[in-house]
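Everything on this sheet refers to the single structure shown next.
Here, residue 1 is the first one in the sequence, and each next residue gets the next number.
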Amino acid sequence: QVQLVESGGGLVQAGGSLRLSCAASGRTINSYAMGWFRQAPGKEREFVAAIVWSSVYTYYTDSVKGRFTISRDNAKNTVYLQMNSLKPEDTAVYYCAKDKLFRAADLSSVESRYGYWGQGTQVTVSS
């Protein structure tokens, strides 16, 4: 079992930036794709971004393309989400998650594909 802990959330003004971190412990995440999801109040959890285990490929939902960047540092067992040009509609609890499949070449936006989840970190973007 791997434990995932998100950090870096907070309150930011629209147009500002935040960098979220997802630190893994217990087991290595080096051979697994990782994803970021978010859930706003009253909304279902939605896919944000994913990165393949080798960092070669990334995938973003349309609403964050050009603004968010997912990256990872396997030596630190950590995944990041750099969020720029934040909008109020980005306000949500952000979760990181680990792909269930070992060294999967594809990336998925489907929640059921991911087997381990962090506790989430709150991101609030004010107008």
To the nearest 0.5 Å, what is the distance between OG (S71) and CE (M34)?
11.5 Å
Just how far is it from atom CG of L20 to atom CD of Q82, taken to the nearest 0.5 Å?
8.5 Å
Listed partners of R67 passing salt bridge (charged side-chain N to carboxylate O under 4.0 Å, His left out), at least two apart
D90
Which residues share a side-chain hydrogen bond (donor to acceptor under 3.5 Å, both in side chains) with S126, sequence neighbours left out
none
Provide the full list of disulfide bond (SG atoms under 2.5 Å apart) pairs with a residue in residues 35-87, sequence neighbours left out, each pair given once.
none
Kindly compute the distance separating CG (N74) from CD1 (I29), expressed to the nearest 0.5 Å.
6.5 Å
For the side chain to side chain contact (heavy atoms under 4.5 Å, CB included) test, which of L81, T91, V93, V64 pairs with R38?
V64
Considering all heavy atoms of both residues, which atom of Y114 and which atom of S108 are nearest to each other, and what is their separation?
OH-O, 2.5 Å
State the OG-NZ distance between S127 and K87, to the nearest 0.5 angstrom.
12.5 Å
Please enumerate all residues that pass side-chain contact (heavy atoms from CB on, under 4.5 Å) together with K76, with sequence neighbours excluded.
D73, T78, Y80
Which pairs would a plain distance check flag for residues 5-17, meaning a side-chain donor or acceptor within less than 3.5 Å of a matching protein atom at least two apart in sequence or in another chain?
| unit_1 | atom_1 | unit_2 | atom_2 | d |
| --- | --- | --- | --- | --- |
| E6 | OE1 | Q119 | N | 2.9 |
| E6 | OE1 | G120 | N | 2.8 |
| E6 | OE2 | C96 | N | 2.7 |
| E6 | OE2 | G120 | N | 3.4 |
| S17 | OG | N84 | OD1 | 2.8 |

Rounded distance [0.5 Å steps], CG in N77 versus SG in C22
10.0 Å
Do W36 and F68 have ring centroids that are under 6.0 Å from one another?
no
Does atom CD (E44) have a neighbourhood of more than 12 heavy atoms from anything else shown, all under 6.0 Å?
no
Considering residues at least two apart in sequence or located in another chain, which fulfil the salt bridge (charged side-chain N to carboxylate O under 4.0 Å, His left out) criterion with K43?
none
Shortest non-hydrogen contact from Y59 to S109?
CE2-CB, 3.8 Å
Name all residues meeting the salt bridge (charged side-chain N to carboxylate O under 4.0 Å, His left out) criterion together with R72; count only those two or more places apart in sequence or in a different chain, and write none if there are none.
none
Only pairs at least two apart or in different chains count here, so list each disulfide bond (SG atoms under 2.5 Å apart) that has a residue in residues 34-87.
none
Suppose the criterion is salt bridge (charged side-chain N to carboxylate O under 4.0 Å, His left out): which pairs have a residue in residues 107-127, not counting sequence neighbours?
R45-E111, D99-R113, D106-R113
Do W53 and L107 land in one hydrophobic cluster if side-chain heavy atoms of ILVMFWY residues count as linked below 4.5 Å?
yes
Heavy-atom closest contact (Y60 atom, I70 atom, distance)
OH-N, 2.9 Å
Among residues two or more places apart or on two chains, list those pairs meeting salt bridge (charged side-chain N to carboxylate O under 4.0 Å, His left out) that have a residue in residues 13-33.
none
Taking a hydrophobic cluster as the set of Ile, Leu, Val, Met, Phe, Trp and Tyr residues connected by side-chain heavy atoms closer than 4.5 Å, whether directly or through intermediates, do I51 and F37 fall within one such cluster?
no
Gap separating the NZ atom of K98 from the CG atom of L4, nearest 0.5 angstrom:
8.0 Å
Applying disulfide bond (SG atoms under 2.5 Å apart), which residue pairs with at least one partner in residues 32-65 are found, sequence neighbours left out?
none
List the residues meeting ring-ring contact (aromatic ring centres under 6.0 Å, His included) with Y32, not counting sequence neighbours, and say none if there are none.
F102
Do V79 and Y116 belong to the same hydrophobic cluster, where Ile, Leu, Val, Met, Phe, Trp and Tyr are linked whenever their side-chain heavy atoms lie under 4.5 Å apart, directly or via other members?
yes
